[in-house]
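As the structure is a computational prediction, the values presented were derived from the model and not from experiment.
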Amino acid sequence: MFKKVLIANRGEIAVRIIKACQEMGIRTVAVYSEVDKHAPHVQIADESINLGDPTPSESYLNIAKIIENANKVHAEAIHPGYGFLAENPDFAKACLDSGITFIGPTPEVIRLMGDKIEAKKTIAHAHVPVIPGYNGIQQDIPTLIKEGKKIGFPLLVKATAGGGGKGMRIVHKESELEQCIESAKREAKSAFGNDSVFLEQYIDKPRHIEFQILADHHGNVIHLFERECSIQRRHQKIIEETPSPVMTPDLREKMGKAAVAAATAVGYTNAGTIEFMVDGNQNFYFMEMNTRLQVEHPITEATTGIDLVKWQLRIASGQELTLKQNDITQRGHALECRIYAEDPSNGFLPSIGTLEKVDLPNGPNIRNDTGVETNFHVSSYYDPMLAKLTVNAENREESINKMIWALSHYVVIGVTTNISFLKKVLDHPEFRKGNITTHFINDYFHDWLITKEGLPLDALIALAVYDSLHTQRQEIVRYKEADPHSPWQHVGRWRMGV
Amino acid sequence: MFKKVLIANRGEIAVRIIKACQEMGIRTVAVYSEVDKHAPHVQIADESINLGDPTPSESYLNIAKIIENANKVHAEAIHPGYGFLAENPDFAKACLDSGITFIGPTPEVIRLMGDKIEAKKTIAHAHVPVIPGYNGIQQDIPTLIKEGKKIGFPLLVKATAGGGGKGMRIVHKESELEQCIESAKREAKSAFGNDSVFLEQYIDKPRHIEFQILADHHGNVIHLFERECSIQRRHQKIIEETPSPVMTPDLREKMGKAAVAAATAVGYTNAGTIEFMVDGNQNFYFMEMNTRLQVEHPITEATTGIDLVKWQLRIASGQELTLKQNDITQRGHALECRIYAEDPSNGFLPSIGTLEKVDLPNGPNIRNDTGVETNFHVSSYYDPMLAKLTVNAENREESINKMIWALSHYVVIGVTTNISFLKKVLDHPEFRKGNITTHFINDYFHDWLITKEGLPLDALIALAVYDSLHTQRQEIVRYKEADPHSPWQHVGRWRMGV
Amino acid sequence: MADGGLTVFINYEHNTHVYNITVERRDNQFFITYDNNEYTVVASELKPGHLSIQLGDRIIKSIITQGEEDKFVFIDGSIFKVKRIELTGRKKTEKREGDLHSPISGTVVSCKVKEGSLIKKDDVILIIEAMKMEYLIRAPYDGVVKKTYFKEKDQIEIGQLTAEIQKQEE
Amino acid sequence: MADGGLTVFINYEHNTHVYNITVERRDNQFFITYDNNEYTVVASELKPGHLSIQLGDRIIKSIITQGEEDKFVFIDGSIFKVKRIELTGRKKTEKREGDLHSPISGTVVSCKVKEGSLIKKDDVILIIEAMKMEYLIRAPYDGVVKKTYFKEKDQIEIGQLTAEIQKQEE
């Protein structure tokens, strides 16, 4: 096993990886940009390295700087987390070339799966169903428009190098096609440095269901069951659960086998995820493979009892996967909510500011993954996800109730968050029934407003108590004298220092 | 299901029960004595009742006062937690008589199992092995001495009404017998109001292994596997784990069946625990039945995925136990450490004071049950257990490593705690091998001293930094001038305001 | 115990609505009048900003923090931003000119309009990138672009005006 | 940045051992001398009492709280109680007369000796109950009971002397 691992990431995922390493007796090296100098991942690590400028390209995305520092501190391996360099084949290659183990698959597999067109072709060869679409290398607008019309509407425009909903557009009618292609290309260029897109048939009311994979360097490949990730806004997941309410033992068996076949077909190693789209008739289609740890991995850990990060480390260090497919059992039900600094009543706009208070809910089977704390400043440099909240219970209903309890006790003051929104989604009758698709938020929460009900009485009472406790007598006099014609002058209960 | 439940307890167990109720939509009523006015269990409950005087007999042990208040607030049921009134048949009876559901077994079963002599007789009839001993009603000292000599040495003197190691003595030789009987009787009288004792053969190097039971009012009885609770000091458990390192599938099957037989024989209902002693040859003997929720129930919850408190509530409300024996699976390994305000290097003497800072470890599969927080005052009125720390992982080794990590990040400042001691116990080579008996602490940690290694360099550096940051310039001058002959006057590095 | 009654009159503003409250304190008892109802509560501040308030048989748990101008009230998973205002000289609620102010701090990707040009409602004026997402500033009505304040690659702060548009009369 | 060097000399007492330290601070750099070694660290106080200290490539994480007289230092799961003392006029470490002081606050269950009686080493003098456990005060040596301070049902506080015993010379 490695003696020292550098974690090329920040936030909750860096914290989670550092803890796993420390439990295994591995020394950890955090990296950080100037604005993250006091961030929790830096505080908890055994060593830390300042990468300087907070602009991602200068720090968390700076391959040369990270490799140079890893060598300097003699880190034997680098864990990339998710996002940033996690799916960058050049980074995996640079690690390899410097004699550092990249904790993930080979650069070749990352590159292949990063090209959504080639990925689909390869996976289709392994007899895994894929969605009809245009994956050509002709990327001029007229060709894309022509191919788009062939597929018909609605259709999807997606960045070839994409992920996380960036560079993705749904086109409902022909007249929108050109603008959507252009805007998707622009976003793709900015996010991935590559403006290539592909088109595919748009499946109405689909579910997003993915399978977790673990594969070692000795030919063992297993899956750890599904995660239902249909609850999305802006094409990004906000609530994930497992098991999926739509899953049957038969479908699970089929999709699990397809996932293992897909991973095997590309020679996959380490932890990865096969994303499928499932339509209303339980047909499933391969969408893409995420060649890294997923944000939502905790729900799989909760229901299988397996620590995915520790297995990533073991597999990367060359150990054999001693877990066999039949050893993996799915028990109970788990839910994850992503806590975002964003305003759900205003288009999920990110919110920036200093966290005046963070106080996490605590209880049996409540897991908090967080990379922020009281006094942390949420800047616009990075993703607005503050934390993840994961719960598990004996069944889905209890899991939902536990999550609602936990969200009701989740305190984040200083930025606008999606906590109240998440509660409303979980408590929606259709969510409780498990009737969810990737359109759920749009269908039921299009015009949601947190504040339409006004200030509750309890809040008014709390404010009154607080201000009564904190108001000085002089201040009261000032208030009183401010306006001699104030109606308060005539109120009978006025009394002071009696 | 009940609409409102009163929790007749305090500390971590009250908090844990309140959370379970709230997740199930049950309104909770906390009770508290004057000194617990601001305690976490009061803060979290939906309602709360002041029972007044902190002396237990005036508040948490005052049956009339609790029943009266439960009626006043229309609580339909009372959860007694553990300790206090949990195993008091008069309390269970008083609830029954007032039309309030007592969340536990019937008063008759509590009374029967509370009489250790009758309990053994009854259980022996169900063909469950018991330890040879004297259980007679003749309680005069000469009879007890005579019977003790018959059994031979070493032998145990135990309070008939006892529990938790109170009123219990090991007698190694005949000359100690009389004094031990007297002192056990006195302690029994004081703790349980009953000075009756029994004697039994003392098993050398035994393990304490118990089985968790759930039984409903429809004749269903299941067990939820074992807990190994051998690590004890002063006959009280401090570390518990499951599975037991000594358990084999065959022994587990046998003991599980015996536990179910014992519970069935007495018509047990609700959650309970059958305690066994296991000798070096895997012989097991019934010791006693705890007719309540155990302190260490979280490790069973972690490995089985079952929420015992929620099932207690369901069973008490008359619901059928839908869990079948074959549905219950044991997965991974779990450990619990009890965090005590006590000094392990001074005979585990309780420590009293205000908690200047409490900061709990956080991470995947780390569970904190706590009834205290920063600024809480630990008084001498109640048990010195502050909190419980439970972890689970894929296997015992990982579980131990996770627990050591968590303990290393467990901050309690203001009272002396056993945290460093627990870490040393877990890291002991014999503990790691699973070679543990109830004598473990005595055998290996008899003369343990936390401080024998002196102040570590890191602590000195931290102090130096802290004081440098917080020292005013005037203060330095004062230090300097305090002694003109101080050697510091001649140190070359002296510099001020340069 | 020797502390006499202490009455405070307060106005809170929340989402353009104003709430008038009277609160009288006697030790740890508070008599609160709002909307012609009187509520009697027993309350204490457990730690700074953490209130435990007993109203009848119910415990209200709330956390209040004081920002520069606003108070944040945490109740049961929701947070409300409230401003305490004086009854006299109260400022009118400032009505934002909606969509023409930047909703986010970020980088301008492109400005799609020129000064003097005619635009239709919902035409894109500015594209801003922040946290790897694109935000569009659209025209709130038909009109003429009088002024644009940003060009490609400019840094823009939350709340800054992106453009001025002369509304076309219907 | 404009802050000049600031040197402090400190003595810490921990378990009767005294540690002499020199620390010089320049902004967030600290030069610490102890036992003829100099350690250069970069440190900051993240929140009150929470220190993050970089020593070479290592990060020391510590929490320090200030009690009435003592400081508590949390390092890696252990807590050390330390007193800062002045070099001059330092008090000698007070040596407790061991077993005759009550180790706990509680209630006296019974006093087993009478004033004037002869006792042997390890004889029980007083039984105290606290937190539902019994604690025994035993004679530290053979001797004669000169004075007893408590009787049954008395409340006793931690550190109070339970009895005086005139030691019997060997």
Side-chain angles (χ1 to χ4, degrees), chain B residues 164 166 183 186-187 190-191 234 346-347 349-350 352 356-357 359 380-384 407-414 416-417 419-420 423 450-451 454-471 473 476 479-480 482-483 486-488 491 493-498, chain D residues 4-10 12 14-15 17 19 21-25 30-34 39 41 43 45 49 51 53 55 60-67 71-82 84 86-89 103-106 109-110 127 129-135 158:
Chain B
K166 285 157 200 161
S183 122
R186 191 169 50 237
E187 212 172 282
S190 145
R234 289 175 169 280
N346 188 17
L349 221 57
I352 296 170
E356 297 186 28
K357 187 162 192 72
D359 203 359
S380 66
Y381 288 109
Y382 311 114
D383 191 86
L407 288 168
S408 302
H409 290 79
Y410 206 113
V411 181
V412 180
I413 300 179
T416 305
T417 74
I419 293 172
S420 298
K423 268 173 68 180
I450 180 179
T451 44
L455 206 53
L457 178 65
D458 286 7
L460 271 174
I461 288 175
L463 278 163
V465 167
Y466 181 86
D467 277 327
S468 173
L469 285 168
H470 293 269
T471 302
R473 282 174 190 229
I476 299 173
Y479 272 109
K480 188 186 167 191
D483 178 11
S486 158
W488 301 126
V491 175
R493 293 172 60 87
W494 183 265
R495 232 183 305 174
M496 269 191 68
V498 178
Chain D
L6 188 63
T7 306
V8 194
F9 306 97
I10 318 173
Y12 295 109
H14 173 255
N15 268 10
H17 192 282
Y19 301 81
I21 297 265
T22 317
V23 50
E24 181 186 346
R25 176 184 164 204
F30 299 78
F31 307 91
I32 297 162
T33 312
Y34 165 66
Y39 306 93
V41 303
E45 192 168 4
L51 301 172
I53 303 169
L55 171 60
I60 301 169
K61 284 154 278 180
S62 180
I63 302 174
I64 296 182
T65 65
Q66 176 71 59
K71 285 195 174 67
F72 297 92
V73 187
F74 173 87
I75 292 262
D76 192 30
S78 294
I79 290 172
F80 304 92
K81 192 161 136 184
V82 178
R84 178 169 167 174
E86 299 194 21
L87 199 73
T88 53
I104 185 88
S105 303
V109 173
S110 75
I127 303 175
E129 191 193 281
M131 295 185 186
K132 294 278 155 217
M133 307 279 286
E134 280 193 359
Y135 300 91
I158 184 165

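Distance check, rounded to the nearest 0.5 Å: CG of B:L455 to CD1 of D:I75 gives 9.0 Å. Expressed to the nearest 0.5 Å, how far NZ of B:K423 lies from CG of D:D76 amounts to 4.0 Å. Taking CD1 from D:I60 and CD1 from B:I461, the interatomic distance works out to 4.5 Å, rounded to the nearest 0.5 Å. Expressed to the nearest 0.5 Å, how far CD1 of D:I63 lies from CD1 of B:I413 amounts to 6.0 Å. Rounding to the nearest 0.5 angstrom, the gap separating the CZ atom in D:F72 from the NZ atom in B:K357 is 14.0 Å.
In terms of heavy-atom proximity, B:L469 sits nearest to D:R25 at CD2-CZ, 3.7 Å. Minimum heavy-atom separation, D:F74 to B:Y410: CE1-O, 3.1 Å. For B:V412 against D:I79, the heavy-atom pair with the smallest separation is O-CD1, 2.6 Å. Between B:S468 and D:V23 the shortest heavy-atom distance is CB-CG2, 3.8 Å. The shortest heavy-atom contact between B:A459 and D:F80 is CB-CD1, 4.4 Å. Across all their heavy atoms, B:S420 and D:G77 have their closest contact at OG-O, 3.6 Å.
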Self-check item: Criterion side chain to side chain contact (heavy atoms under 4.5 Å, CB included) on B:D458 and D:V73, from CA distance to verdict
Solution: CA-CA 10 Å; B:D458 286 7; D:V73 187; over 6 Å; no
Practice problem: Let me see the working for B:H470 and D:V8 under side chain to side chain contact (heavy atoms under 4.5 Å, CB included), right down to the final yes or no. | Solution: CA-CA 11 Å; B:H470 293 269; D:V8 194; over 6 Å; no
Quiz item: Can D:Y39 and B:L457 be said to form a side chain to side chain contact (heavy atoms under 4.5 Å, CB included), step by step?
Solution: CA-CA 10 Å; D:Y39 306 93; B:L457 178 65; 3.6 Å; yes
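D:Y12 places a side-chain N or O within 3.5 Å of a backbone atom of B:L463 that can act as its donor or acceptor partner.
The greatest number of non-hydrogen atom pairs below 4.5 Å with chain B, out of D:E45, D:K81, D:Q66, is found for D:E45.
Both the backbone and the side chain of B:Y466 come within less than 4.5 Å of a heavy atom of chain D. Of the two parts of D:I64, the backbone and the side chain both hold a non-hydrogen atom closer than 4.5 Å to a non-hydrogen atom of chain B.
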